[in-house]
There are 2 protein chains.
Amino acid sequence: MKVMIVDDHFVVRSGLVASLELEEGIEVVAECEAGESAPDFYAASSPDVVLMDMQLPGWNGIETTERLLEQDPSAKVLIFSTFARDDEIQAALDGGAKGYLQKTASRDELLGALSRIAEGGNYLAPAIANRLAGLKLGPSITLREREILSLIAKGRANKEIAAALGIAEDTVKRHISNVLQKLGVSDRAQATAEAIRRGIVKVEE
Amino acid sequence: MKVMIVDDHFVVRSGLVASLELEEGIEVVAECEAGESAPDFYAASSPDVVLMDMQLPGWNGIETTERLLEQDPSAKVLIFSTFARDDEIQAALDGGAKGYLQKTASRDELLGALSRIAEGGNYLAPAIANRLAGLKLGPSITLREREILSLIAKGRANKEIAAALGIAEDTVKRHISNVLQKLGVSDRAQATAEAIRRGIVKVEE
DNA sequence: GTTCTCGTCCCCCTTTTGTGGGATGGCGAA
DNA sequence: TTCGCCATCCCACAAAAGGGGGACGAGAAC
């Protein structure tokens with residue numbers, strides 16, 4: 001089985017290489033530090049499975065997965081993330097990933113997930129699968145709403161947001177009113193915290 | 001140099017072992033998955049440096065560091081964390097750690113930090129050191145202001161904050177006005193984002 | 001002593017925010 | 001096609017937010 005690794009942490013890459021190369025029949029054919037370079041590495045090494053980190057500078061794991069799938073619709077991506085946030089898992093699976101594993105997973109779980117996916121199957125850690133099954137999917141946040149949320153987090157007033165997007169201030173207020181309800185919060189400050197928690201808005205260093 | 005590793009992620013442990021064992025003069029004498037077992041491993045292997053993960057189930061990195069220092073006040077601990085939150089770094093250094101390194105660090109940075117600390121020195125990633133220095137130079141956020149910031153992030157209105165703290169609404173407004181200036185932001189939404197970024201307010205799963 | 005910051009309180013003022021109502025056009029799914 | 005959702009716009013209104021002024025007591029710092 002040919003495996004490609006996408007992770008910006010050298011320590012994770014070398015840990016994965018060290019564990020996987022020990023295994024009979026597994027070969028790491030590419031290691032890549034950034035989402036942006038993944039398509040080229042993929043084309044050059046045609047791996048059976050891609051092990052993809054979620055938190056990457058630049059393109060994140062989801063975006064990179066989508067690009068790989070544009071390039072090769074049969075690409076098999078296993079997301080390997082530090083976190084297990086429901087919305088992130090949902091987004092990863094929606095984006096076409098074949099599985100989702102936390103970095104707390106044991107070596108056996110990792111190997112099991114890899115072989116399941118190489119065979120064309122899917123893999124979700126049991127704990128995650130259960131949680132997702134019981135998850136009541138709340139109303140989804142639209143593109144426009146996400147856009148406005150990120151401007152709110154930057155301290156923009158409704159008037160400024162309207163100007164930036166070229167729409168009326170009343171429309172902005174309407175969007176905000178809707179998104180506050182969807183997030184189950186009462187004002188833009190709490191919406192900011194919730195958007196950051198859900199990964200809708202990023203906080204850069 | 002004898003190194004002990006404390007990290008619950010097998011992939012990080014094997015990555016560290018793989019990278020460190022390649023190096024002349026470095027030997028990994030203990031690997032440990034939980035803070036609770038660290039003291040025993042430490043006593044059995046007497047390492048020169050302990051590489052400590054921050055996010056551990058049970059005892060976290062700071063608590064484990066403190067226990068190791070009770071046991072051996074000359075223990076040298078290098079925190080190896082996924083994050084770089086100001087308050088966490090502060091707590092780690094206050095707790096007696098000799099250094100703080102993010103998991104995004106390169107192999108060279110890691111080796112450099114390890115040898116600096118083995119020699120009895122300290123190590124803070126340059127970016128982090130600058131940021132901490134910058135924060136100390138900037139105006140400091142008072143206790144009351146932090147308290148109010150976290151209530152703002154929870155969506156509380158000024159009136160509610162006043163009631164919760166048993167003070168007048170005008171006083172709350174005064175505090176908010178001050179803290180907005182100190183953070184260099186224009187409203188409570190942006191203040192929320194900034195407070196989260198600086199680690200003043202935490203976002204839990 | 002004096003000066004400084006912190007936390008507290010009051011007044012007044014403008015601007016912003018958030019919600020309610022109602023309305024239109026587009027677009028995709030049932 | 002009809003229905004629902006998205007995005008857009010309008011109006012009106014109450015509440016909230018944020019800034020300005022001035023003031024006071026406690027305690028730390030000089």
Side-chain angles (χ1 to χ4, degrees), chain A residues 66 87 90-91 94-96 136-198 200-201, chain B residues 87 90 134-196 198 200-201:
Chain A
E66 286 169 349
D87 60 325
Q90 196 65 55
D94 288 350
K136 50 180 193 306
L137 282 178
S140 57
I141 314 297
T142 68
L143 268 179
R144 207 42 154 180
E145 287 163 349
R146 285 164 191 268
E147 207 169 359
I148 289 178
L149 272 176
S150 73
L151 289 171
I152 286 179
K154 289 194 181 122
R156 302 284 189 278
N158 294 343
K159 200 177 293 181
E160 295 172 319
I161 296 174
L165 300 182
I167 58 180
E169 190 187 340
D170 271 312
T171 307
V172 174
K173 290 168 99 173
R174 170 71 51 199
H175 284 310
I176 292 177
S177 207
N178 290 336
V179 84
L180 290 183
Q181 282 203 324
K182 287 183 182 176
L183 291 176
V185 298
S186 58
D187 64 33
R188 57 215 283 126
Q190 197 183 0
T192 299
E194 183 63 19
I196 290 172
R197 195 185 72 75
R198 295 201 189 183
I200 297 170
V201 169
Chain B
D87 60 328
Q90 200 65 57
L135 284 183
K136 280 179 183 148
L137 292 181
S140 58
I141 314 298
T142 69
L143 268 179
R144 207 43 154 178
E145 288 164 349
R146 286 163 190 269
E147 207 169 359
I148 289 178
L149 271 176
S150 72
L151 289 170
I152 286 179
K154 288 192 181 123
R156 302 285 189 278
N158 294 343
K159 200 178 294 182
E160 294 173 319
I161 296 174
L165 300 181
I167 58 180
E169 190 187 340
D170 270 314
T171 307
V172 174
K173 290 169 97 173
R174 169 68 58 199
H175 284 310
I176 293 177
S177 209
N178 289 337
V179 84
L180 290 183
Q181 280 204 323
K182 287 184 183 176
L183 291 175
V185 299
S186 58
D187 62 34
R188 57 215 283 126
Q190 197 183 0
T192 300
E194 183 63 20
I196 290 172
R198 294 202 190 181
I200 298 170
V201 170

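Each chain gets a letter, A, B and so on, in the order its sequence line appears, and its residues count up from 1.
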Taking [Y]'s backbone N and O only, do any of them form a donor-acceptor pair with [X]'s side chain (distance below 3.5 Å, no angle check)?
X	Y	answer
A:Q181	A:N178	no
B:S186	A:G155	yes
A:Q190	B:K154	yes
A:S150	A:V201	no
B:E145	B:T142	yes

Value in whole Å for how far the [atom2] atom of [N] lies from [atom1] of [X]:
X	N	atom1	atom2	answer
B:Q190	D:dA17	CD	P	17 Å
A:H175	C:dT17	NE2	P	16 Å
A:E169	D:dA12	CD	P	15 Å
A:I167	D:dC6	CD1	P	15 Å
B:D187	D:dA16	CG	C1'	13 Å

Quick one: [atom1] on [X] to [atom2] on [Y], what's the gap to the nearest 0.5 Å?
X	Y	atom1	atom2	value
A:I196	B:T192	CD1	OG1	7.5 Å
B:I152	B:H175	CD1	NE2	11.0 Å
A:E194	A:K182	CD	NZ	14.0 Å
B:I161	B:I167	CD1	CD1	8.5 Å
B:R198	B:R146	CZ	CZ	9.5 Å
A:E147	A:I200	CD	CD1	13.5 Å

Open item on the list: Treating primed atoms plus P, OP1 and OP2 as sugar-phosphate and everything else as base, which nucleotides of nucleotides 25-30 of chain D get B, S or - for protein heavy atoms under 4.0 Å?
Closed with: ------
- [ ] Heavy atoms under 4.0 Å is the rule here; annotate nucleotides 19-24 of chain C 5' to 3' with B where the base is hit, S where only the sugar-phosphate is, and - elsewhere.
- [x] SBBB--
Task: Heavy-atom pair with the smallest gap, counting every atom of A:L180 and A:R188 - done: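 What the structure gives for the nearest pair is CD2-N, 4.2 Å.
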Task: Minimum-distance pair of heavy atoms, taken over all atoms of A:A191 and A:L149 - done: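 Looking at all heavy atoms of both residues, the shortest contact is CB-CD2, 4.1 Å.
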- [ ] Would you jot down, in residue-number order, the residues of residues 147-163 of chain B having a non-hydrogen atom under 4.0 Å from DNA chain C?
- [x]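 Contacting residues: none.
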Between N or O atoms, less than 3.5 Å apart, protein on one side and nucleotides 3-5 of chain C on the other: list the pairs.
none

Task: Audit row: B:V172, B:L151, side-chain contact (heavy atoms from CB on, under 4.5 Å) steps and yes/no - done: CA-CA 11 Å; B:V172 174; B:L151 289 170; over 6 Å; no
Task: Closest to side chain of A:T171, choosing from C:dG7, D:dC9, C:dC9 - done: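 Of the candidates, D:dC9 comes closest.
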Open item on the list: Please determine whether a side-chain nitrogen or oxygen atom of A:R188 lies at a distance below 4.0 Å from atom OP1 or OP2 of C:dG18.
Closed with: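 Yes, A:R188 has a side-chain N/O under 4.0 Å of OP1/OP2 on C:dG18.
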- [ ] Going by the side-chain contact (heavy atoms from CB on, under 4.5 Å) test, name the single residue among B:I176, B:T171, B:L143 that passes it with B:I148.
- [x]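 Of the listed residues B:I176, B:T171, B:L143, the side-chain contact (heavy atoms from CB on, under 4.5 Å) partner of B:I148 is B:I176.
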Open item on the list: Going by side chain to side chain donor-acceptor pair (under 3.5 Å), name the residues that satisfy it together with B:S177, two or more places apart in sequence or in a different chain.
Closed with: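 Expected list: none.
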Open item on the list: At 10 degrees resolution, what angle do the end axes of the helix from C:dG1-D:dC30 to C:dA30-D:dT1 form when each is taken over five base pairs?
Closed with: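 Overall, the helix from C:dG1-D:dC30 to C:dA30-D:dT1 bends by 50° from one end axis to the other.
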